[in-house]
Amino acid sequence: MPTIVIDGEPYDVDGDKNLLETCLQLDKDLPYFCWHPAMGSVGSCRQCAVTQYQDENDERGRMVMSCMTPITDGMIVSLKDEATQEFRDSCIETVMTNHPHDCPVCEEGGECHLQDMTNMSGHTQRVYQGPKRTHRNQDLGPFINHEMNRCIACYRCVRYYQDYVGDTDLQAQGSGAKVFFGRHKDGALESEFSGNLVEVCPTGVFTDKTFSKHFVRKWDLQSAPSVCMHCAIGCNTSPGERNGTLRRIVNRYNGDVNGYFLCDRGRFGYDFVNDQRRLAEPLVQQGDSLDSTDRDDALAQYANLSADCEVIGIGSPRASLEANFALQQLVGEDNFYSGLASSEQALHQTSLTVLESTSALIASLRQVEQADAVLVLGEDILNTAPRLALAVKQATKNLGLNMAADARIPSWQAAAVKNLAQNQRSPLFMLTPAATRMDSIAQSCHNDVPANLARLGMAIANAIDGGAPGVNDLDDQEKELVAVIAETLKGASKPLVISGSGCFDVAVVQAAANISRALAAENDKAAIHLVLPEVNSLGLAMLCSKKPEADLNAAMKRTVDQVNGQAAVVVLENDLYRRAGKGLVDDFFDAAQSVVVIDSFHNDTTARAQLALPAATFAESEGTMVSSEARAQRYFAVHNTEGYVASSWKWLAELNKSVSWTHLDQLTAACANSSPLLAGITLAAPDREFRLNDQKVARQSHRYSGRGSATAHISVNETRVAQDDESALAFSMEGRQSNLPPALQPGIWSPGWNSNEAINKFQDEIGGHLKGGDPGIRLLDKATAGTQSGWFDSIPQKSMPGSQGYRLVPLHHIFGSEEFSSGSNAIAQRSPKPYAALCAADASALEVDQQGWLKVELNSGQWTLSVAVDDSLPRGVLGLPSGLTGLGGLQGAAYGGSASISKTQSPVIASDQTSGGGE
Amino acid sequence: MINVFWSQLRSLWGVLKHTFTKPVTVRYPEEMPYYSPRYRGRIVLTRDPDGEERCVACNLCASVCPPDAISLEKEERDDGRWRARYFRINFSRCINCGMCEEACPTYAIQLSQDFEMGEYVRQDMVFEKEDLLIQGTGKYHDYNFYRVSGKAVEGKDKGQAQNEAEPINLTSLLP
């Protein structure tokens with residue numbers, strides 16, 4: 001371990017880091033712009049200059065850029081040397097010559113890296129009086145606001161956008177003093193990760209447009225540690241609230257999971273919490289309508305409705321473990337059903353079985369980033385688990401990093417590593433039903449129907465380990481592909497297999513499991529990651545693992561067949577019309593004596609309820625979610641509930657007369673005791689009794705303003721702040737603000753570091769884990785894996801699309817396929833309209849083109865959809881978007897089946913004709 | 001002993017002399033005393049020379065307010081200007097320290113010379129934006145924030161603020 005001397009003090013440091021990282025790690029304040037912990041150094045901003053001395057006798061020294069200076073043993077540097085201090089000051093002054101006088105009307109003000117660095121380097125007065133250069137802004141879509149005048153040309157945005165993410169539509173244009181960062185013309189940024197520009201940009205060029213619509217300063221936000229609800233990856237977030245409105249989401253660093261970045265669905269999908277469709281009061285059916293009522297009446301109504309009959313509970317993968325467990329306890333284990341259609345339930349249970357018994361590592365996103373060969377089997381990860389896709393993109397850069405290491409170039413030398421690697425990437429294989437935007441960085445891609453992809457997967461496993469079941473009738477092209485993939489994965493030091501339930505095909509998951517098992521036999525670093533569809537899918541699967549057959553269809557069958565008219569159904573946070581066909585669900589509700597729904601929103605299911613109880617969203621409640629890497633993570637209420645709205649688990653605890661759960665912790669403990677799989681969940685975060693120096697943790701910043709006036713228009717007499725009895729956090733600015741356990745860290749701030757760059761102060765090393773350990777606890781791992789299950793040996797029949805109607809495959813969309821986020825305005829603007837995709841040959845056979853319309857008939861219903869020609873789809877395959885609100889009634893169960901389609905006319909014209917006929 | 005008498009005589013003389021001096025008190029409220037323009041009295045929100053609201057809802061006044069008496073929220077209309085959607089001062093908490101005025105980057109919030117703020121009901125001490133906003137520019141007559149800032153608003157395009165160059169033409173090949 002090298003020793004270096006900084007300003008006369010010796011330090012033992014990590015030799016792999018550069019000098020800037022080392023200084024920041026030692027808690028020294030050194031300004032920087034172009035360096036970013038995830039993107040390395042390019043040495044262009046000249047802001048981090050320090051003085052380096054030849055030896056002890058050297059009194060003059062020379063100026064070096066610390067971000068470009070490797071650590072050498074015995075090096076002597078000074079941050080306080082006057083000459084470099086002056087130089088840093090003058091650098092800021094140059095940068096500031098063109099910076100507009102905008103801070104009061106800039107969304108970044110108060111959490112601006114440029115403000116922080118200007119303060120830090122001591123440049124407090126603008127000397128320059130000449131004219132400033134100006135730029136015209138662009139409209140970059142519903143997420144990002146563009147204000148180019150503020151640009152300081154650090155190039156971080158394009159390095160992030162092009163080098164880190166690999167998208168191309170944000171570019172540096174012009175040169176010198178005229179340089180401009182934008183698109184070639186107005187339009188939404190194509191990247192799924194554009195929202196990170198808000199945090200990457202050190203100043204206010206890219207700001208959060210959704211936040212600006214209900215803007216408050218960072219110090220005025222009340223925040224809490226939370227978990228993203230929009231997919232199963234479980235990124236850590238820090239939502240901010242004020243005056244009862246959820247204002248924004250920012251990233252909350254977790255070294256094992258999301259690191260520095262979020263996807264746009266996670267960042268901009270929060271607005272559904274503020275939606276008009278929220279249930280605010282308990283609703284009771286009176287005649288044909290639902291009338292609002294109060295809490296006590298609602299509880300009495302439930303007692304009436306559930307008296308003298310079986311109570312059947314329908315759980316949900318989007319509700320917390322505690323809420324699902326509370327429902328299970330309310331109705332009894334025999335009457336609890338998962339709320340998933342049989343096909344989805346099978347997928348969840350298979351995934352759980354695979355992860356439980358895996359001999360490969362279950363890859364966290366950090367481990368995904370370290371993989372040197374990746375096979376994606378069947379899953380469109382960019383749309384079903386976007387943050388995972390970003391991690392895979394980083395994994396493909398490992399070849400370049402290895403080449404750099406061989407050439408003795410340190411990994412933080414971003415430009416050198418990029419130049420050395422050119423277009424060479426670590427191998428990535430994309431075997432998906434249709435082309436994805438990841439394909440451009442893949443070594444090879446192959447599109448086929450899920451059953452055939454599963455066959456390929458099985459063949460790959462067989463090629464790696466002869467013990468695995470083989471597949472006979474592959475064609476030559478497939479055989480070659482299988483051989484290449486098997487050879488590459490076998491030769492890799494950290495191979496990774498990614499699959500998931502996105503295809504709605506169990507065989508695909510089983511094939512991935514076989515491959516990972518085959519790899520793990522030879523390589524103890526082989527890893528697997530199975531993507532699940534919803535935030536708590538794996539948690540629900542664990543809760544249901546004792547009775548895997550208890551799915552929604554079983555509940556329906558039982559209600560309709562056996563207890564007809566004698567059952568009360570309690571539905572927890574689940575719109576059943578998204579899970580099963582309308583007819584089935586209607587029959588189910590008709591057969592039930594009464595339907596009680598606990599949910600946050602009005603939807604088709606609440607419309608059928610005799611009693612609807614208003615549930616809090618993630619922003620007002622707390623609970624535990626299990627991510628697809630089996631990490632149990634606690635999320636906490638950002639603000640208190642209002643009126644009759646209460647957390648689902650609270651409603652369920654109230655309804656249950658046989659238990660007395662007064663706090664979430666009791667419920668969590670009971671849930672942990674219920675199953676060895678869930679035993680670890682109490683450790684996900686400190687409990688409600690946790691105190692630091694006898695204090696709770698403050699959700700508000702130390703400069704939270706307006707306490708004496710924010711509610712003064714209602715009453716000038718100030719009321720007591722809301723009390724949080726469920727966690728160690730307080731709805732107040734009073735309490736601990738520093739040295740918190742990471743799982744209770746509401747937001748990131750450090751003296752002098754008002755932007756999210758303050759995260760450097762919270763890590764054990766730059767880009768490493770958080771001090772005190774990354775939040776969350778792994779429930780499953782290779783080490784805890786039970787007995788190895790055998791090979792999955794049911795190989796699906798070769799699917800010949802076109803033989804019996806069109807084969808349906810799901811097409812996922814980052815914006816629109818997920819239930820919560822599609823209720824947010826900005827996301828809804830980016831969601832596609834319902835469409836039917838097919839290849840050009842099929843389209844011409846049907847005599848339709850891109851402007852045409854198709855009538856699609858399935859067992860569960862029929863739709864008139866516009867045509868989208870996608871030539872990556874095989875012949876005889878029809879791609880339908882998954883989960884779109886405009887395609888209500890099309891559930892996962894339908895995929896894999898077949899459809900008949902025919903050419904039709906535009907529904908607009910059709911309706912015109914109808915109205916014409918009416919006249 | 002002489003000293004004691006002398007001291008008493010001197011005091012008597014001092015008191016008698018004051019009988020003929022002009023009083024420093026005034027007959028308030030019939031007569032108003034003089035207040036320096038720097039007096040820190042009731043807070044007002046001023047307008048810029050063009051008659052537009054000066055407040056851009058930057059929140060700095062609220063953040064420096066020691067008794068947390070100020071609360072406001074930003075809105076942005078089609079003209080591109082930031083304004084306060086609501087601006088509320090709880091004068092029953094205000095300590096007239098003037099920190100808000102010091103923090104204000106647009107000269108919007110100013111403390112006036114008016115101090116007559118007695119109310120029978122404490123709730124009436126809560127002032128909303130329409131109570132605070134005056135028609136004039138207050139103490140600073142010429143300052144117009146949007147003439148200095150780089151943000152384009154209706155009536156002031158990019159490049160038209162003070163000390164601003166014309167927007168860069170990206171399609172030009174000239175250096």
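A quick note: this is a predicted structure, and the numbers were derived from the prediction, not measured. Each chain gets a letter, A, B and so on, in the order the sequences are listed, and its residues count up from 1.
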Original post:
Partners of B:Asp79 by side chain to side chain contact (heavy atoms under 4.5 Å, CB included), sequence neighbours excluded?
Top reply: B:Arg77, B:Arg81, B:Arg83, B:Glu154
**OP:** Mind checking the OH-CG spacing from B:Tyr146 to A:Asp102? Nearest 0.5 Å is all I need.
**Re:** 9.0 Å
Subject >> Contact leader toward chain A among B:Met125, B:Glu128, B:Arg122, where contacts are heavy-atom pairs under 4.5 Å >> reply: B:Arg122
Original post:
In terms of heavy-atom proximity below 4.5 Å to chain A, should B:Ser172 be classed as side chain, backbone, both, or neither?
Top reply: both
Subject >> Atom CD of B:Glu30: over 12 foreign heavy atoms under 6.0 Å >> reply: yes
**OP:** Determine yes or no for a side-chain-to-main-chain donor-acceptor pair under 3.5 angstrom, with A:Ser709 supplying the side chain and B:Ala69 the backbone.
**Re:** yes
**OP:** Establish, from distance only, whether the side-chain atoms of A:Ser705 and B:Asp68 form a donor-acceptor pair under 3.5 Å.
**Re:** no
Original post:
When only pairs under 4.5 Å are counted, which of B:Ser92, B:Ala152, B:Ala165, B:Ala57 shares the most heavy-atom pairs with chain A?
Top reply: B:Ala165
**OP:** Answer yes or no: is there a side-chain heavy-atom contact under 4.5 Å between B:Ile168 and A:Thr134?
**Re:** no
Subject >> Closest heavy-atom pair and its distance - B:Ala62, A:Arg703 >> reply: O-NH2, 4.4 Å
Subject >> Closest-packed option against chain B by number of heavy-atom pairs under 4.5 Å, given A:His99, A:Glu147, A:Arg133 >> reply: A:Glu147
Subject >> Side chains of A:His101 and B:Arg147 in contact at under 4.5 Å (non-hydrogen atoms) >> reply: no
Original post:
Would you call A:Ser212 and B:Lys74 a side-chain contact if the rule is heavy atoms closer than 4.5 Å?
Top reply: yes
Subject >> Spacing of CD belonging to B:Glu75 relative to NZ belonging to A:Lys213, to within rounding of 0.5 Å >> reply: 13.5 Å
Subject >> Nearest heavy atoms of B:Val56 and A:Pro104, plus distance in Å >> reply: CG2-CB, 3.7 Å
**OP:** Pick one of side chain, backbone, both or neither for A:Asn98, based on which atoms fall under 4.5 Å of a heavy atom in chain B.
**Re:** neither
Original post:
Does B:Glu73 come within less than 4.0 Å of A:Arg247, counting only side-chain N to carboxylate O?
Top reply: yes
**OP:** Could you tell me whether a side-chain N or O of A:Asn149 sits under 3.5 Å from a main-chain N or O of B:Gly150, the two making a donor and an acceptor?
**Re:** yes
**OP:** Taking side chain to side chain contact (heavy atoms under 4.5 Å, CB included) as the test, write out the residues that go with B:Cys104, two or more places apart.
**Re:** B:Thr106, B:Ala108, B:Ile109
**OP:** Could you tell me whether the side chain of A:Arg217 and the main chain of B:Cys58 form a donor-acceptor pair under 3.5 Å?
**Re:** yes
**OP:** Only counting residues at least two apart or in another chain, list the ones meeting side-chain hydrogen bond (donor to acceptor under 3.5 Å, both in side chains) with B:Thr46.
**Re:** B:Arg54
**OP:** Identify whether the distance between the nearest side-chain nitrogen and carboxylate oxygen of A:Arg136 and B:Glu166 falls below 4.0 Å.
**Re:** no
Subject >> Under 4.5 Å from any heavy atom of chain A - which part of B:Asn169 >> reply: backbone
Original post:
What distance separates B:Glu76 CD from A:Asn145 CG, expressed to the nearest 0.5 Å?
Top reply: 7.0 Å
**OP:** Verify, without hydrogens or angle tests, whether B:Lys158 (side chain) and A:His135 (backbone) share a donor-acceptor contact under 3.5 angstrom.
**Re:** yes
Subject >> Value rounded to 0.5 Å, distance of OG in B:Ser63 from NZ in A:Lys218 >> reply: 14.5 Å
Subject >> Minimum heavy-atom distance between B:Trp82 and A:Val105, given as atom pair plus value >> reply: CZ2-O, 3.2 Å
Original post:
Using a cut-off of under 4.5 Å for heavy-atom pairs, which of A:Met148, A:His214, A:Gln173, A:Gln129 has the most such pairs with chain B?
Top reply: A:Gln129
**OP:** Give a yes or no on this: more than 12 heavy atoms of other residues, nucleotides or ligands lie within 6.0 Å of atom CZ of B:Phe5.
**Re:** no
**OP:** Using non-hydrogen atoms and a 4.5 Å limit, figure out which bit of B:Arg88 sits close to chain A: side chain, backbone, both or neither.
**Re:** both
Original post:
If you check every heavy atom in residues 180-188 of chain A against those of chain B, which residues fall under 4.5 Å?
Top reply: A:Phe180
Subject >> Within-4.5 Å side-chain heavy-atom neighbours: A:Pro100 and B:Lys151 >> reply: no
Original post:
Do you know which of B:Asp157, B:Val64, B:Ile89 has the most heavy-atom pairs with chain A at a distance under 4.5 angstrom?
Top reply: B:Asp157
Original post:
Hey, does the side chain of B:Asn163 reach the backbone of A:Lys132 with a donor-acceptor pair shorter than 3.5 angstrom?
Top reply: no
Subject >> Per-residue contact mode, A:Glu718 against chain B (heavy atom under 4.5 angstrom) >> reply: side chain
Original post:
Given a strict heavy-atom distance threshold of 4.5 Å, which part of B:Phe127 is in contact with chain A: side chain, backbone, both, or neither?
Top reply: neither
Subject >> A:Glu642 atom CD, neighbour heavy-atom count above 12 within 6.0 Å >> reply: no
**OP:** Decide if atom CD of A:Gln276 counts as having more than 12 heavy atoms of other residues, nucleotides or ligands within a radius under 6.0 Å.
**Re:** no
Subject >> Contacting moiety of A:Cys106, where chain B heavy atoms sit under 4.5 Å >> reply: backbone
**OP:** Can you tell which part of A:Ser175 gets under 4.5 Å to a heavy atom of chain B, answering side chain, backbone, both or neither?
**Re:** neither
**OP:** Measure distances from B:Val126 to the heavy atoms of chain A and classify the residue's part below 4.5 Å as side chain, backbone, both or neither.
**Re:** side chain
**OP:** Counting only heavy atoms closer than 4.5 Å, note whether B:Leu170 contacts chain A via side chain, backbone, both or neither.
**Re:** side chain
Original post:
Relative to chain B, which of A:Ala710, A:Cys103, A:Gly110 shows the most heavy atom pairs under 4.5 Å?
Top reply: A:Ala710
Original post:
In terms of heavy-atom pairs under 4.5 Å with chain A, which of B:Gln123, B:Glu164, B:Arg85 leads?
Top reply: B:Gln123
